[in-house]
Protein chains: 2
Amino acid sequence: MAVVNRALKYDGTVSAAVTVDLVIFTVREASLRVLLIERGKPPFEGGLALPGGYVRVGEGLDQAALRELAEETGIDGRELHLEQLRAFGAPERDPRGRTFTVAYLALGPDLPTPVAGTDAATAHWVPVEAALSAELAFDHLAILKEGLDRARAKLEYTTVAAAFCRQPFTLAELRHVYEVIWGIPLDPSNFRRKVTKAAHFVEATGESRTPEIGRPAALYRRGSAELLFPPMPRSADGDDASV
Amino acid sequence: MAVVNRALKYDGTVSAAVTVDLVIFTVREASLRVLLIERGKPPFEGGLALPGGYVRVGEGLDQAALRELAEETGIDGRELHLEQLRAFGAPERDPRGRTFTVAYLALGPDLPTPVAGTDAATAHWVPVEAALSAELAFDHLAILKEGLDRARAKLEYTTVAAAFCRQPFTLAELRHVYEVIWGIPLDPSNFRRKVTKAAHFVEATGESRTPEIGRPAALYRRGSAELLFPPMPRSADGDDASV
DNA sequence: CCCACTTAAAGTCCTACTGACCATAAGTCG
DNA sequence: CGACTTATGGTCAGTAGGACTTTAAGTGGG
């Protein structure tokens, strides 16, 4: 390590390893789930952690996030929503030494059960409530919380909710995404009015899908809009208090 | 290269310098300004750049941002709003070698003209329109743009606008912040109704200030609320289109 | 001392959006 | 065919916001 700080650095400035960590959410079976791995080696061996890994030479941050996503889950990242959360760099966040991590938030439709990656022993889709009360490695609990907050907030004023739905989808499925992530029920009728009136949130395919019971539902696919204006109203009594 | 990298770490992972860069905004004389420095040494010597510097050993990111803020501007960061934007880490962003930077956004009332810091030759408050068409060092133009977008967006749904006003302030001063940052005029009457009805955005001091001409204006100070609900409406014809 | 001027503050009117409902449609299953 | 389920459409009242008018409270000039 000492060799690393060669002529490059003069005084007390840091030369450190940089990693990316991913908060990957999906909606499955009426619950919001996050992908966690059991660490295959120390530190925190056997403990739960967010998937992630070192940024490589010549590799950008987004690029590293996409690669880790593919390696740990076997998923082509171009199919999901991926955005940077922020950087975390508390001096003691990694017992091995100084590391910085750049956290990413990934949102996608019910994803295949991931294959074991390089570092990861096994990966699971864990309901977020369970994950929030679990002991996660490093500062991953804080990262998860920020990812959850960001996801909840983004549903309000963007169209990312549709990223959780495999296309084509019904409006009930889209509404279900909101209900699960916000943890509150929404009025189906008002939700429909809102979504269909918003410009380019969803566009009707003209087809419909007949469920086992009940009236067939019209099918939609994602529209071109990224922002949702006016925003989807979240009832004033926020659930941020629920920790 | 290959040999070097192998010596650095086991495989092709990065060990790099980490810096913080600050986008510091203030409102002065009817324009939004950003603090830029003339670089005192290569690379980009003599060019304009955002203030910033290396993160030190044992120092957290927020801590580094606060320290740089004090060093470059002589300002006590506890008096302004400071938040992380995100990390930037394109492989070629620094000609000296691989570096990552964590960008911060700082918002404050009309700040004193900063003193020359360690690296900085001289610092100036540059109107943002000018800064956007200037040639900034590294990827600082992209960082500035993101900071500007973030600031504009945050005025909508948070109470940060008040961070630009020295307390106590009049509602006209607060409105002026919105008008300058959004670049659009707001109706004084509707603005007043909105701000005073919102819970804990501002609280009246009971006093008033008599200007050189015109009716005296009531004085307010910041309230306890951080979020603004419902949001301050930005006229539908947003400037998001301007890219 | 009254008036012109400036800005602050308060009120009016109308439209758009939303929450809480109720009603109807279109399937499946007995 | 009728019961059940879910989808879709409509009504109605309350609220928030844009455009606008009116009144208030200072200044300085004739």
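Lettering follows sequence order; numbering is per chain, from 1.
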S.K.: Any side-chain heavy-atom pair from A:Leu69 and A:Asp76 closer than 4.5 angstrom?
M.R.: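 A side-chain contact is absent here, since even the closest heavy-atom pair is not under 4.5 Å.
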S.K.: Using the closest heavy atom to pick a nucleotide of DNA chain C for each, name whichever of B:Leu171 or A:Gly214 lands nearer the 5' end.
M.R.: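 Checking each residue's closest nucleotide, the 5'-ward one belongs to B:Leu171.
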S.K.: Is the number of heavy atoms from other residues, nucleotides or ligands within 6.0 Å of CD (A:Gln167) greater than 12?
M.R.: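 Atom CD in A:Gln167 is packed in, count exceeds 12.
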S.K.: Nearest-Å distance, OH (A:Tyr178) to P (C:dG19)?
M.R.: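 Rounding to the nearest Å, OH of A:Tyr178 and P of C:dG19 are 13 Å apart.
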S.K.: Can the ring centroids of B:Phe100 and A:Phe100 be said to lie less than 6.0 angstrom from one another?
M.R.: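 No, ring centres 6.0 Å or more apart.
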S.K.: Between C1' on D:dT8 and CG on A:Leu219, what's the gap in Å once rounded to a whole number?
M.R.: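 Nearest whole value for this atom pair: 14 Å.
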S.K.: Quick one: B:Leu174 CG to C:dA9 C1', roughly how many Å, whole number?
M.R.: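 Rounded to whole Å, this separation is 16 Å.
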S.K.: Can a cation-pi geometry be assigned to B:Arg234 and B:Trp182, taking NZ or CZ under 6.0 Å from the six-membered ring centre and within 45° of the ring axis?
M.R.: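 Yes; both conditions hold, so B:Arg234 lies above the ring face of B:Trp182.
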S.K.: Round to a whole Å and report the spacing from CE of A:Met232 to C1' of C:dC17.
M.R.: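 Result: 13 Å.
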S.K.: How long is the line joining CD of A:Glu212 and P of D:dA7, in whole Å?
M.R.: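 For the pair A:Glu212 CD and D:dA7 P, the rounded distance is 13 Å.
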S.K.: Could you give the CZ-to-P distance, from B:Arg175 to C:dT7, as a whole number of Å?
M.R.: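 Those two atoms, CZ and P, are 10 Å apart.
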S.K.: To the nearest Å, give me how far apart CG (B:Leu228) and P (D:dA16) are.
M.R.: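 B:Leu228 atom CG is separated from D:dA16 atom P by 13 Å.
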S.K.: So which nucleotide from C:dA8, C:dT6, D:dT8 ends up closest to the side chain of A:Arg215?
M.R.: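 Closest nucleotide to the A:Arg215 side chain: D:dT8.
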S.K.: What residues, two or more places apart in sequence or in another chain, satisfy ring pair (Phe, Tyr, Trp, His ring centres under 6.0 Å) together with A:Phe138?
M.R.: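 Ring pair (Phe, Tyr, Trp, His ring centres under 6.0 Å) list for A:Phe138, sorted by chain: A:Phe44, A:His140.
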S.K.: Relative to A:Phe88, does A:Arg86 satisfy both conditions: NZ or CZ under 6.0 angstrom from the six-membered ring centre, and within 45 degrees of the ring's axis?
M.R.: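 Because its charged atom sits under 6.0 Å from the ring centre and within 45° of the axis, A:Arg86 does stack over A:Phe88.
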S.K.: I need the residues from residues 186-204 of chain B with at least one non-hydrogen atom less than 4.0 Å from DNA chain D; give them sorted by number, or say none.
M.R.: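 Here the set is B:Asp187, B:Ser189, B:Asn190, B:Arg193, B:Lys194.
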S.K.: Return the 5'-most residue of the pair B:Thr210, A:Pro216 with respect to DNA chain D, ranking by each residue's nearest nucleotide.
M.R.: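 Closer to the 5' end of DNA chain D: A:Pro216.
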